[in-house]
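Chain letters run A, B, ... following the sequence lines, proteins first, then strands; residues in each count from 1. Treat the numbers as computed from the prediction; the structure is a model and nothing was measured.
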Amino acid sequence: MTERPEVRLTMAALPEGVGVVRQALAGMADALAFDQGVLADMKMAVTEACTNVVVHAYADDGSDGTADTLEVDLLADELGLTVVVRDRGSGIKPRAARSTPALGLGLPLIAALSDAFEVRGSSGGGTEVRMTFHYMRDADPVESNPIGETGWVPPDRPT
Amino acid sequence: MTERPEVRLTMAALPEGVGVVRQALAGMADALAFDQGVLADMKMAVTEACTNVVVHAYADDGSDGTADTLEVDLLADELGLTVVVRDRGSGIKPRAARSTPALGLGLPLIAALSDAFEVRGSSGGGTEVRMTFHYMRDADPVESNPIGETGWVPPDRPT
Amino acid sequence: MDANPIVLDDAAGDVVVVVVEGEHDIYTAPTLRERLDEALGRGGGVVVDLTAATFVDSSILGALLDARRRAQEQARGFVVSVGAEVEPGVQRILDITGLVPVLPVIDGREAAISAARDGVSGSPG
Amino acid sequence: MDANPIVLDDAAGDVVVVVVEGEHDIYTAPTLRERLDEALGRGGGVVVDLTAATFVDSSILGALLDARRRAQEQARGFVVSVGAEVEPGVQRILDITGLVPVLPVIDGREAAISAARDGVSGSPG
Ligand SMILES: Nc1ncnc2c1ncn2[C@@H]1O[C@H](COP(=O)(O)OP(=O)(O)O)[C@@H](O)[C@H]1O
Ligand SMILES: Nc1ncnc2c1ncn2[C@@H]1O[C@H](COP(=O)(O)OP(=O)(O)O)[C@@H](O)[C@H]1O
C-alpha cells in the first residue's frame, strides 16, 4: 500500500466541519459502490474521530486565531479504505490531565466499528487516528471489539 | 469573504479523481441543502475544470513520477459557494501551442453554468479556475453566457 | 429551511415530544441540549422521537443521557422512540452501546408517550 | 459490480444499442470509445441509450460526436436516445450545447432504433 493519500481533505477544526467530512466521505463511497453497512460504520467512526479533534485536540477553541486544522486522508487498497484523521493539536493526554467529564464513547466506537484501527502521535505534533474498513466483511467487527471490553459501561446499567 | 477555504481537497491529477471531486462536492452540497438545479450545474462545471487539469495541466501525464496535483477549494459566503480548481502545471498556453484537437467545450460550459467565473495563473505556477454558484438564482446563468457567444459551435450545425 | 430540525411537539398535553430529524452530531448537539432543557422545563414527561433521524453520534447520546438523568432526579418519564424501520446511522450506535434498555428506546411515538406518561425512564438507576 | 456500466445490446438485430448507465466522464470515456468502436464494427446502425445515465460530461459528448462522424462517413444510422424523464446531469449539457438536433437525441429507445435503422444520423452534415 502506498502512503500517498488518494484524497486529502483539509479544513478548520470546527463543529460544522464534522458533517462536511461525513458527507464528502459518503459521496466518495458512493462512487466506490461501497457496502451500505460498512459505509454507515465508516461514517460513524470517522465522525467520532473528527469530533475528538474538534473537542480535544486544540486547547482554546481557536480563540488565539491560529489555524486549528482537521485533516482527513483517504487511502484505498485492495482490501478496503483507510481513513486517517489527523490534527496538529496537544496530543492525547493522560486521563488525569483531563478536566471535562465526557461519555468516553468515541474511541471505543471507533474500535468497534472499524476492521482495524490505530491511534498515534502525528508527525506534526498532535494525534492521528487510522481506521480501516474492508470492502467485504466476513464478520461484524463489533463482535471482536465489543464496546464493553474497551472499558465503556452504559450508565446505570445493572451490573 | 475570507480567503481561507472551508474545505480543501487534494489529490493526484488522474482521471479517476474527477469523479471523486464530483461526489465529494455532491455530498457536501447535500449538507448545505443546496438547490438541486444549481448543484447539477456545479457538478458539471467542476467536472470540466478538473478534467482540464487532468488533460492539459501536466505535460507528461505523471510519467516523470512527480506529484501532479489537483487541488479543489470550497469557499462559502452569504451569496453562494465558490469552487476553486487549481493545478501546479504548465499554465494555459496560447492556442497555437496546443497539439491535440479537442471539443473546446470545457471553459464555455464553465462560463455558462456558473454565476461568476475567472481563470488565472495560480501562485504556485499553473492555473486556477474560480467558479461561483449562488444559493438562489434570479435567472439561469446560461441566458447571460450562452455557449454560442463563447465561440463554441456545434459541429455540422446549419449556420 | 433547516435540513436537520429539532422541534417540540406539545400535542400530547402532559408529555412533550422532542422531534429530531436528519443528521445530528457535535454541531447540532447544543441545539438538542437547549430543546431538551425546554422540554424538561414544561414539567411533564419527555419523549425524544428519533423516527426521522438519519444519523446520531456520541455527542447526541451524551445529551440524551444527561436529560434522562435529570428526568430521573425529578421522577419524570423519559423515553426515546424510533420507527419500525430504523436508519443504520441510528440503530447501530444504539445497539452496540447497549443503550436500548437504558434510555430506554421504544418502538413508536404513541407507545413512547404512554410509557413516559407512566413515568418510565429506563432500566434501574 | 460496475456501478457505471456500458454494454452492447444486440437484441434489435441490425441496430446495436450501446447502453450507458450511471456517471460518465474522462475516466470512463475510453471505455465508451471502445464500445462505440465495437458497435460501429458490427456494420449496422448504432443507438446510444442514455436513459439510465445520470451524468455525462464533455469528454463523453466528444466520444459521441466522433462516433457519429464515423457513422456518417459510412452512411450508417447513429442516434442517441433518452428516457421520458432525463436526469439534469444529462439534459442540461445536451440543451446548452445545442447538440439535441445534431447527435440527434430522440425520446425512447425503440424510436431511436427505428430512426437508426432508417439511416438517420443527425442534422445536415
Ligand atoms: N484528537 C485528540 N487530541 C487530543 N486528545 C484526544 C484526541 N482524541 C481523543 N483524545 C483524548 O482521549 C479521550 C478519550 O476520547 P473518547 O474515547 O473519544 O471519549 P470522549 O471524547 O467522550 O472523552 C478524550 O477525552 C481526550 O482526552
Ligand atoms: N488547467 C489547465 N492547464 C493548462 N491548460 C489548460 C487548462 N485548462 C484549459 N487549458 C487550455 O485551454 C484550452 C481550452 O480548454 P477547454 O475549453 O476546456 O476545451 P478542451 O479541454 O476541450 O480543449 C485547452 O485546450 C487547454 O489548452
Using the side chain to side chain donor-acceptor pair (under 3.5 Å) criterion, which residues pair with D41(B)? Sequence neighbours excluded. R137(B), R92(D)
If you take all heavy atoms of M11(B) and E6(A), which pair is closest and at what distance? CB-O, 3.0 Å
Sub-4.5 Å side-chain heavy-atom contact between T10(B) and V7(A): no
Which distance, rounded to the nearest 0.5 Å, do you find between the CD of Q23(B) and the CG of L25(A)? 12.0 Å
